[in-house]
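This report refers to the structure that appears directly beneath it.
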Amino acid sequence: MHFFAGVAVAIGAGLAPWIAAKVPTRWIVMAAALFLVILIAGLVFGLAIYPFSSVFVAAFGILVGIALGRAMPPRFRPFVVLLLVLSILDVAQNFAFAGPSSSSTTSATPDPHFIWLNVRFPLPGGHFNIGFADVILIAAAAENLRRRGATLALSVLPGVIAIGLGEALLSTLTPNPPTIVVAISTSLVLFLTAGYVLTELAVSQTATKTA
């Protein structure tokens with residue numbers, strides 16, 4: 001169930017740039033700023049409206065991701081460098097702070113403050129959970145690919161691959177694995193980087209066949 005929930009989120013974040021393709025960037029930024037205010041208020045005051053809070057978090061992540069994708073040059077190398085840097089930082093912070101899994105948690109009562117940092121909703125046996133920063137990067141990768149002329153299916157692919165790799169690795173972990181293994185397995189940014197690189201190979205193959 002967590003895998004399918006993750007894929008649904010990845011597809012949604014990947015489709016959003018196409019839906020908003022004709023929306024001016026300034027409107028995207030203004031809407032993101034509005035949702036940021038809502039998120040800050042929810043975080044500070046602990047507005048316990050879970051799971052509806054996830055709608056606001058997802059909207060903020062998608063809007064910022066589209067803006068980031070438009071701000072970055074529409075080329076492969078600058079974006080993959082960004083992802084590589086963020087992957088290193090993500091693994092490092094997971095290792096230093098033993099961060100929780102980005103896929104799920106089992107808490108029956110979500111913290112009313114921290115729900116405003118994640119797209120989270122209940123599933124049988126636990127919760128699906130993905131950080132807003134991961135949503136930002138999935139949407140940004142899709143926007144980057146869209147601007148580079150990739151098909152809709154290919155622009156959605158990095159996020160789907162990231163979720164698939166993450167869930168596959170997490171399912172193979174033994175009880176009490178080494179901290180570094182946990183740090184790597186919970187870094188969705190790292191898997192998104194792999195998904196983006198693999199998608200670039202597919203884009204290259206597509207371009208070669210149509211040339």
Side-chain angles (χ1 to χ4, degrees), residues 6-40 42-43 53-94 99 102 116-120 129-163 165-166 186-200 202-203:
V7 168
V9 171
I11 291 175
L15 288 175
W18 290 82
I19 297 172
K22 295 184 179 180
V23 179
T25 302
R26 64 179 181 277
W27 292 5
I28 299 289
V29 173
M30 291 172 60
L34 175 61
F35 279 103
L36 176 60
V37 171
I38 296 173
L39 262 62
I40 291 174
L43 179 64
S53 56
S54 295
V55 176
F56 295 100
V57 179
F60 171 74
I62 288 171
L63 290 167
V64 174
I66 295 173
L68 175 61
R70 294 183 182 184
M72 293 287 295
R75 299 194 302 273
F76 170 74
R77 186 172 297 177
F79 196 79
V80 79
V81 169
L82 173 66
L83 288 178
L84 286 170
V85 171
L86 293 177
S87 295
I88 294 170
L89 294 175
D90 193 33
V91 172
Q93 70 90 20
N94 284 347
S102 62
W116 293 95
L117 297 176
N118 302 278
V119 176
R120 175 186 173 106
N129 191 80
I130 182 172
F132 74 87
D134 297 319
V135 177
I136 289 174
L137 293 176
I138 291 172
E143 176 66 5
N144 176 272
L145 288 162
R146 185 192 70 80
R147 293 178 64 209
R148 293 171 53 209
T151 65
L152 187 152
L154 286 176
S155 65
V156 172
L157 196 56
V160 174
I161 292 175
I163 294 295
L165 290 176
T186 56
S187 175
L188 190 61
V189 182
L190 182 62
F191 301 129
L192 181 62
T193 304
Y196 184 72
V197 172
L198 291 173
T199 301
E200 178 64 18
V203 170

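Just so it is clear, the model here is predicted, and its values are computed rather than measured. Numbering starts at 1 and runs along the sequence shown.
- A distance of 11.0 Å separates OG in S155 from OH in Y196, rounded to the nearest 0.5 Å.
- Shortest non-hydrogen contact noted between V64 and A32 is CG2-CB, 4.0 Å.
- When side chains are defined from C-beta on, I161 does not count as touching F191, because their heavy atoms never get closer than 4.5 Å.
- Annotation: side chain of D90 is in contact with side chain of N94 (closest heavy-atom distance under 4.5 Å).
- Note: F132 CZ to W116 CH2 = 13.0 Å, rounded to the nearest 0.5 Å.
- When every heavy atom of G195 is checked against every heavy atom of T199, the shortest pair comes out as O-OG1, 2.7 Å.
- Looking only at side-chain heavy atoms (C-beta outward), I130 and V135 come within less than 4.5 Å of each other.
- The two residues G14 and V156 make their nearest non-hydrogen contact at C-CG2, 3.8 Å.
- The side-chain heavy atoms of L43 and L39, taken from C-beta on, include no pair separated by under 4.5 Å.
- Contact between A21 and R146 at its shortest, heavy atoms only, is CB-NH1, 3.6 Å.
- Here I19 contributes atom CD1 and L152 contributes atom CG; the two are 9.0 Å apart, rounded to the nearest 0.5 Å.
- Residue L188 holds its CG atom at 5.0 Å from CD1 of I163, rounded to the nearest 0.5 Å.
- Separating the CG atom in N144 from the CE atom in M72 is a distance of 7.0 Å, to the nearest 0.5 Å.
- Remark: R70 pairs with T25, E143 by the side-chain hydrogen bond (donor to acceptor under 3.5 Å, both in side chains) rule, at least two apart or across chains.
- When all heavy atoms of S187 and S87 are compared, the pair lying nearest together is OG-O, 4.2 Å.
- Other residues, nucleotides and ligands place more than 12 heavy atoms under 6.0 Å from the CH2 atom of W18.
- Considering only heavy atoms from C-beta on, R148 comes within 4.5 Å of L145 through its side chain.
- Counting heavy atoms from C-beta outward, L192 and D134 have side chains that stay 4.5 Å or more apart.
- The structure places CZ of F35 at 10.0 Å from CD1 of I62, a figure rounded to the nearest 0.5 Å.
- L117 is not listed as a side-chain neighbour of V57, based on a closest heavy-atom distance of 4.5 Å or more.
- The shortest heavy-atom contact between A140 and L68 is CB-CD2, 3.9 Å.
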